[in-house]
*Asks:* 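Can you read through this structure? Questions will come right after.
Below, read A as the first sequence line, B as the second, and so on, with proteins coming before strands; counting in each chain starts at 1. Computation of the quantities below employed the complete heavy-atom set of this structure, encompassing side-chain atoms and omitting hydrogens, waters and symmetry-equivalent molecules.
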Amino acid sequence: MQSKQAVNDFVIKFANVNGTGSASANGMFAKAIFRMGIPVSPRNIFPSNIQGMPTWYEVRVSEAGYLGRRGGTDIMVCVNPQSMARDVEAVDPGGYFIYDSTKPLDLRLIRDDIHYIGIPLTEICLREYTDARQRLLFKNVIYVGALAALLNIDFEILKNLVGDQFKGKEKLITPNIYALELGHQYAHEHFTCPMSIRLEQGRTVAKHISDFDQILMDGNTAAALGAVYAGATVAAWYPITPSTSVVDAFDKYCRRLRIDPGTGKKNYAIVQAEDELSAMGMVIGANWNGARAFTATSGPGLSLMGEFLGLAYFAEVPAVLIDVQRAGPSTGMPTRTQQSDVLAAAYASHGDTKHVLLFPATPAECFEMTLQSFDLAERLQTPIIIMSDLDLGMNEWMSPPLEFDDSHTYDRGKVLSHDDLEGMSERFGRYLDSDGDGIPYRTYPGAHPDKGAYFTRGSSKDEYAAYTEDGQAYVRNMDRLLKKFETAKTLVPEAKTKQASKATEYGVMFFGTTASPSYEAVEILEAEGIALDTCRIRAFPFNTEVEEFIRDHERIFTIEQNRDGQMRRLLINETGVRAKSKLVPVLEYDGLPITARKIAATMRSYILESNVTSLADRQPVEELTS
Amino acid sequence: MQSKQAVNDFVIKFANVNGTGSASANGMFAKAIFRMGIPVSPRNIFPSNIQGMPTWYEVRVSEAGYLGRRGGTDIMVCVNPQSMARDVEAVDPGGYFIYDSTKPLDLRLIRDDIHYIGIPLTEICLREYTDARQRLLFKNVIYVGALAALLNIDFEILKNLVGDQFKGKEKLITPNIYALELGHQYAHEHFTCPMSIRLEQGRTVAKHISDFDQILMDGNTAAALGAVYAGATVAAWYPITPSTSVVDAFDKYCRRLRIDPGTGKKNYAIVQAEDELSAMGMVIGANWNGARAFTATSGPGLSLMGEFLGLAYFAEVPAVLIDVQRAGPSTGMPTRTQQSDVLAAAYASHGDTKHVLLFPATPAECFEMTLQSFDLAERLQTPIIIMSDLDLGMNEWMSPPLEFDDSHTYDRGKVLSHDDLEGMSERFGRYLDSDGDGIPYRTYPGAHPDKGAYFTRGSSKDEYAAYTEDGQAYVRNMDRLLKKFETAKTLVPEAKTKQASKATEYGVMFFGTTASPSYEAVEILEAEGIALDTCRIRAFPFNTEVEEFIRDHERIFTIEQNRDGQMRRLLINETGVRAKSKLVPVLEYDGLPITARKIAATMRSYILESNVTSLADRQPVEELTS
Amino acid sequence: MTYLRPNFRHPDSPTNRLGYTRQHYEGGLSTLCAGCGHDSISASIIDACFELNIEPHQVAKLSGIGCSSKTPAYFLNGSHSFNSVHGRMPSVATGANLANRDLIYIGVSGDGDSASIGMGQFAHVVRRNLNMSYIVENNGCYGLTKGQDSATSDVGSTSKKGDINMYSPIDLVRVAIEIGATFVGRSFSGDKEQLVPLLKAAISHRGFALLDVVSPCVTFNNHQGSTKSYAHVREMNDAMPVDFVPMRQEITASYDAGTTHEVCMHDGSVVRLHKAAKEYDIEDRQSALQAIADHSKEGRILTGLLFIDRDGEELHDSLGTARRPLNELSEKELCPGSRFLDSINAGLR
Amino acid sequence: MTYLRPNFRHPDSPTNRLGYTRQHYEGGLSTLCAGCGHDSISASIIDACFELNIEPHQVAKLSGIGCSSKTPAYFLNGSHSFNSVHGRMPSVATGANLANRDLIYIGVSGDGDSASIGMGQFAHVVRRNLNMSYIVENNGCYGLTKGQDSATSDVGSTSKKGDINMYSPIDLVRVAIEIGATFVGRSFSGDKEQLVPLLKAAISHRGFALLDVVSPCVTFNNHQGSTKSYAHVREMNDAMPVDFVPMRQEITASYDAGTTHEVCMHDGSVVRLHKAAKEYDIEDRQSALQAIADHSKEGRILTGLLFIDRDGEELHDSLGTARRPLNELSEKELCPGSRFLDSINAGLR
Ligand SMILES: Cc1ncc(C[n+]2csc(CCOP(=O)(O)OP(=O)(O)O)c2C)c(N)n1
Ligand SMILES: Cc1ncc(C[n+]2csc(CCOP(=O)(O)OP(=O)(O)O)c2C)c(N)n1
Ligand code: SF4
Ligand code: SF4
Ligand SMILES: [Mg+2]
Ligand SMILES: [Mg+2]
């Protein structure tokens, strides 16, 4: 059997039992590779359960700097008997299966096309430790040590990581390093290290990463930082996977940054609401009253916020909602990823409504877009929904460092201050389109003793906020809201388009976490001589780049992680150009991030076929979509 | 000034103060014309308020049998000083303004192009009655009496109506008839009766009504009867205008039909829930347990039901929801009509969801479709949403009599009985697609001692209803749900298409309450030599007729009562044919039903223009849409 | 539509310490039914604010949906107001209060708005002891949707249709005391003498002040057999008189300590209860519940200040938020700047 | 994923009157954390149903979302089950019960599921006195989302992070008694002796039976400083012993009337409380509330059957629904047919 050869380019997967402390050990493994200057992208594939169920941790090492999932598994580290059968199968031919050899391997699990590396983890732990908890925890550290030898991880880096991790709990450092050494030693004694798949430090840096000045962080933390930098002072939320860590992180940073040194009092307020309806109500109340407030949730919460989103749209109250999407419908798969709330968010609530959506693709964008979302919300006086997802929000991503320009100033939007009102001769009209951009002026409660007070309501009103059932006044208001949505197009982040090296009638559109694997797929095909232009959508309403991109291509693959091609539908509906016959859906919705291989394969076969039958005669092939 | 001449073809409008008993008098007026065998369509235009605000009652008399709004007002009966100025303006040139002349008319209200008919209503009441309440109530009856003379209403019919109305309260009959006579007499003494606009009995019957075997009823009552006939035993609801009268009527009929004569016990249960979330939860629980259950609501309630609708879709529990639409977004205009919940209903809830919608256009269809919706819900094991609206639900419509075929039997769908289970050798798989139509078999709780029990959940499951996070099982399930939606296309009511007398590239699509005025508009244009084929959509998912209709026409006007052309968007998205460049939106969203005149005018100008510029070069002109 | 009143003002109409006349505290013309209890409550709110010398623009009015929830349009035209969605006013009020703790928050709701669809949010705003006055205009029915029973309708009370309510009522007063409200009163829209001082006390209270005000719906629930009709409430009302003595005003007339009981509020003002009324310790939850139960056993309605906890922590205390309103903090104060971000980046390498 | 247990059965394992072994009442293997209180409650439910000789398929299990709400998968495999959405189980249970009044309804919820997001539905299902057993597996936190405080968390109780809860707790037991529940008990997952008979009584009760069972979350809320930890509850539990004597079984051992108090249930079975426990009249709401308050004042937790109203009307009584389940009515019985429709049409001409 010939074994796979790979340097700085492979996929390794850990099969563990959740609640056994494997997460931190696995994290340390990924971080070590990262610190070696080799691009890495780890992914937690965990159950909706607290303890005792199978959980996986997939780490892609890619010198080229591809961060999306590649597909396949070169090395499987299996320490969970429950899932061993599945895990053996998952290994690519020529790959490695590393397991706890304390008990001999079930013969039915022997394949002749992969390598087996047994390490008696349990045995070592029984020998070395008496305490049951230690035996459980150090098992993980030991296999990391072994992998250091097998894959050629810089051992010093590992040791330093242990140091960082246990800052404050120093007495834990030595035993952990000892455990690392146990594994390291065992591997060295029993196997030829490194193996054919391995790491090498200091090779040419990934072509996607100018220099290796990168950070490793998850999107939820980045979004939370964005809220901190945006000056959000109120967060109201209700816990739900995978959005919980957004507010947790916001809390963490506020405790560091927002406590008045003198009084010890908080310059922020975080309230855990009784449910999502209430959370959104609080966000609306706070924004109405001039504070920047936000909430974070996932699908079920979004559904519950529908009525309030409609109120905010119609009464024109700013609001920021971070939707960290998971696999729906209903409870669905709470710990799996999807991009399936696109339509529900864009058209949330009854009646004629449309909402502004932002689609971050990296932690850096989670930071920037959350920062920007508060400006947009206050400028447009409407809810801004940030469409993140579990993959982006909860996994650690390599990302350029977060940047903030100190000359940045908040755009608080059209708010009349006490002095503005004082100076006003004409009567204040809350819903007057004074500037012709569809955006009216607002006032904060208490702004002025006898000017600027108005009545906010979800019912029909005239330009002076007076209740009305007059059809014409209603229509004027609804048309102004449409005009405002047009204005939004000029304010939201523009799409990012990229031309292929040669002219092509083919394009690819994607957004959020489908970006990385899509870019990779495009390069795979480019190498094969198939050229594709790319367009990364970053916001709804769609701005001109998007329409032009569709106009300029004959066939455009739309890469999404949902069943119904929701972004494709939104594009068909909300652009002024012919799109339906052009947009070819490429979909993945099994709850795991779509892989570059899958995208490439789907586009390749479609294009090769098209070279036979002319494009004109072909409708977008829905069957293409898995 | 020449005065308008019209026999059995005019629009008369009453301007009243709400809460003053005008509704019943006005209703009697309309009913009398109806009993004369002359087509009539009354509409209540009332405020979101209980007492003291302006309210209007518009009655269209149309020998041709047009039931939609025509536009314009020939006769205004104004008994509300608050709105008098507006009301005078509203009268078409040559028309009549009938008012309470007790106080002389404000000179500023005098127009030289309309007729004024003053009747001292207050004065007469002061003279005739001592009791304040009587003075208030009889004022209405008196002007109806006067109108009888002015318009030539058969007085006997009026008298009989009084008789019917006060069955049980006989002592009220004489005073009411007396009041009628007071008005009748006064008119005869002071004016030439009948006037130039009038009624004539026994003329050729409306061409739209084979014979005049018609009833006058509101859609909500008809829907309630549909639920009764469908064998609905559980209704859970939360009050909201304009849907409240659905459950009120259901209650009324159940009290008549569903009380066990022996025990006096109820063979039905109506629960007023604490809110709409709860109402939908109860409907789901009852259907899950084998009873036919439904709820009725309007926009805000629909938004609140989002999460539960997603559960019912994904867990595959039948449910019937009657959405009587009103003007949104948010609280909007609660007593105005719209068709603006189309997208919110079709895509309700997060994740990949699609829901079956039915679009009744007449009371008869409210009855039939509600009856059918329970069969569909149980056959498809999914929520069925009946998209009615305020205009259809709360106004009285002329309609062919309700029909029920006694040979009709309920389709309870795929339910395994005790004996089915008993006879089953293989293991029961709740979510197995045994028949290849995407529809699995269900069992009721308690069906069998040791077979058929399963776990219902909103989370991902395999074919045997076991919880799973396996991506492939999830995908199989989601794909089956899509297949089921395909099956739905073959079961929902087909669209009704109608060919113009001559071949044409133009078509018109409409649904629900836009049907009547659209048919009328088409005939107006036909008379002018402009031919249009018509397609009345009756359900989503769209069946083949709809796709063919779009394929077969170059330009299709889509008539809707919302701002965003929601049905047009749904057509573009959910049909396999090129639609975007063909569908020309014709929209009305001021809260009043769209008029035939408006539809005709919009289509006419578009078509005449097109004769200049060729169609090919023209995009659907959004500006057309008011 | 709410018309504004003609701005005629009587030359010698009395003014308060701020120099405002009562008219300054009025709102648009009511569109409610003539005789609706809610209008009397609006009038009492106007009196209370006038007499408390409140700056209208320092008040924020919040409500849900219903006839009751419309009333903020009928008082304090000079205040901002938020007529939100049905049953969800508490959350909007909470957010507003978090943003600016310095305004006076007056919430108006109905029994349907609070006890039916709003039950969850009501319970939780009580629990958080949000600093606001929460007025439930309780008519035992859904006025705006034409008279269906609400969750506060008493067992055996008949609807206009004649149906008898079979469900045990939710008494928001009891639930509030149960869940930790710090100021709970009940009153009757027809009893201005009691309602106005109660409103003043509620507004002066620091924390969540609930006033459940029985407010008959003349159109749908004022008939024989209804326990929320004017007649019934007038007959069954056991009203405990309440005086309110604002902070600044020193107590003049000396009362015989035996006949009165004085509760000193957080801001120094005083609620004076007459001995007759002080039949139990209003600062003890259990005895308050007991007293209410004793009366209702006889079908009587005990009204007045029913319970008070003068030093409960309001939401901002629990959260430990800074004294200065959050909506006043500047970008400079809130934004950490690039330096801190560098340290964050460093930690992630 | 829930694996089925190996179907091995010990030959002489005891059987109940129906000839079923206890195993017949088991469910799938639990996926909860080792030591989770919820698993003990599932075990007690299994015992209760086994001992009550219930046909599993005559039971419908309902739950919301949470670790607690997962547990219906771990008992009574032979019953249909509905794991609905978070906080909304009461409405689903209500609908189910309306459709078929003959099944036994067992609802399982959590403190977050019932006291936070579910507060409104909880209050209203109590109010309607739905005939079901409603078990709250109360650990004072959100287990499934990793341990945030829930609304039942006591003031001063510290979270695992070390934060101290500042909000007054919602005691579902008190609220239920307040709003009209007809059977209210509290217990502790660690006290099978008390919990099993309580469950049997709850299931036998006709109407809404609430059992608030303190059920420690070993992973997130079992630390020092938590008032929902095993240690704390064991120490503070004032347990009133409960015996349950099923209907058919005539009472053998004669007790000294002085030491025991017997409550005869609707179906003839008897709940026997020991004198020690019978420190107040459990059929009077106020004294029940008083007793609970007295204990909690000392930081003690009073457990046992706390209140019972034996002849309250359950929802079907209030509605006057027919004896026969609505889901059994045939088309013939339900559909009026064309004749009636003709009369309707006639009336509309
Ligand atoms: C989500 C939602 N459901 C239903 C309604 C309809 N609705 C308006 S007011 C109201 C009840 C009002 O009752 P209450 O709060 O007691 O106020 P009242 O009119 O009696 O003063 C209802 C059900 C609504 N506006 N929104
Ligand atoms: C609408 C909605 N919001 C949030 C969640 C996330 N969630 C799942 S379980 C849970 C709380 C569970 O707490 P509890 O009811 O006490 O059950 P426990 O896990 O403690 O037994 C939450 C917030 C959800 N599933 N649905
Ligand atoms: S309906 Fe009742 S509550 Fe509403 S305004 Fe009229 S009287 Fe008041
Ligand atoms: S997290 Fe807590 S509640 Fe959930 S299973 Fe574990 S111990 Fe039980
Ligand atoms: Mg009310
Ligand atoms: Mg819990």
Side-chain angles (χ1 to χ4, degrees), chain C residues 87-88 90 114-130 150-153 155 163-182 207-208 284-294 296-297 309 312-320, chain D residues 87-88 90 114-130 150-153 155 163-182 207-208 284-294 296-297 309 312-320:
Chain C
R88 320 295 177 187
S114 285
S116 295
I117 192 171
M119 189 63 207
Q121 292 212 348
F122 175 80
H124 285 270
V125 72
V126 167
R127 201 181 150 242
R128 297 188 181 102
N129 197 22
L130 187 71
S150 82
T152 67
S153 168
V155 179
D163 299 338
I164 300 169
N165 172 48
M166 308 291 257
Y167 304 111
S168 69
I170 293 177
D171 182 346
L172 293 172
V173 157
R174 294 187 62 94
V175 171
I177 293 174
E178 207 39 83
I179 294 177
T182 51
F208 188 82
D284 175 71
R285 292 183 191 276
Q286 271 309 126
S287 47
L289 290 171
Q290 188 65 57
I292 296 164
D294 295 344
S296 52
K297 227 182 255 99
D309 165 358
E313 291 210 323
E314 65 120 328
L315 180 56
H316 284 283
D317 303 327
S318 314
L319 291 173
Chain D
R88 319 296 176 187
S114 284
S116 296
I117 191 170
M119 189 63 208
Q121 292 213 349
F122 175 79
H124 284 270
V125 71
V126 167
R127 197 179 154 245
R128 296 187 183 103
N129 196 24
L130 187 71
S150 82
T152 68
S153 170
V155 180
D163 299 338
I164 299 168
N165 172 48
M166 306 292 256
Y167 305 112
S168 70
I170 292 178
D171 182 346
L172 293 173
V173 156
R174 295 187 63 94
V175 172
I177 294 174
E178 209 35 89
I179 293 177
T182 52
F208 188 82
D284 175 72
R285 292 183 191 277
Q286 272 308 126
S287 46
L289 291 171
Q290 189 65 56
I292 296 165
D294 295 343
S296 51
K297 224 180 260 98
D309 165 359
E313 293 210 321
E314 64 121 328
L315 180 56
H316 284 283
D317 303 328
S318 314
L319 291 172

*Asks:* Looking only at non-hydrogen atoms, find the nearest pair between Ser168(C) and Gly180(D) and report the distance.
*Replies:* OG-CA, 3.9 Å

*Asks:* In terms of heavy-atom pairs under 4.5 Å with chain C, which of Gly312(D), Ser318(D), Gly120(D) leads?
*Replies:*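 That would be Ser318(D).
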
*Asks:* Give the minimum heavy-atom separation between His124(D) and Ala151(C), together with the two atoms involved.
*Replies:* CE1-CB, 3.6 Å

*Asks:* How far apart are the closest heavy atoms of Ile170(C) and Ala123(D), and which atoms are they?
*Replies:*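 For Ile170(C) and Ala123(D), the tightest heavy-atom pair comes out as CD1-CB, 4.5 Å.
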
*Asks:* I need the residue from Gln290(D), Arg128(D), Gln286(D), Met166(D) with the largest number of non-hydrogen atom pairs under 4.5 Å to chain C.
*Replies:* Gln286(D)

*Asks:* Based on non-hydrogen pairs under 4.5 Å, which of Met119(D), Gln121(D), Arg174(D) is most in contact with chain C?
*Replies:*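 With the most close heavy-atom pairs to chain C, the winner is Arg174(D).
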
*Asks:* So do Asn129(C) and Tyr167(D) actually touch side chain to side chain, heavy atoms under 4.5 Å?
*Replies:* no

*Asks:* Identify which part of Leu315(D) has an atom lying under 4.5 Å from any heavy atom of chain C, answering side chain, backbone, both or neither.
*Replies:*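 For Leu315(D), side-chain heavy atoms alone lie under 4.5 Å from chain C.
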
*Asks:* Side chain from CB out, backbone as N, CA, C, O: work out which of these in Leu319(D) comes under 4.5 Å of a heavy atom of chain C, or both, or neither.
*Replies:*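 Only the side chain of Leu319(D) comes within 4.5 Å of chain C.
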
*Asks:* Check whether any side-chain heavy atom of Val155(C) lies under 4.5 Å from a side-chain heavy atom of Glu313(D), and answer yes or no.
*Replies:* no

*Asks:* How many angstroms lie between atom CD of Glu178(D) and atom CD1 of Ile177(C), to the nearest 0.5 angstrom?
*Replies:* 8.5 Å

*Asks:* Which atoms of Asn165(D) are under 4.5 Å from chain C, going by heavy atoms: the side chain, the backbone, both sets, or neither?
*Replies:*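 The side chain, not the backbone.
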
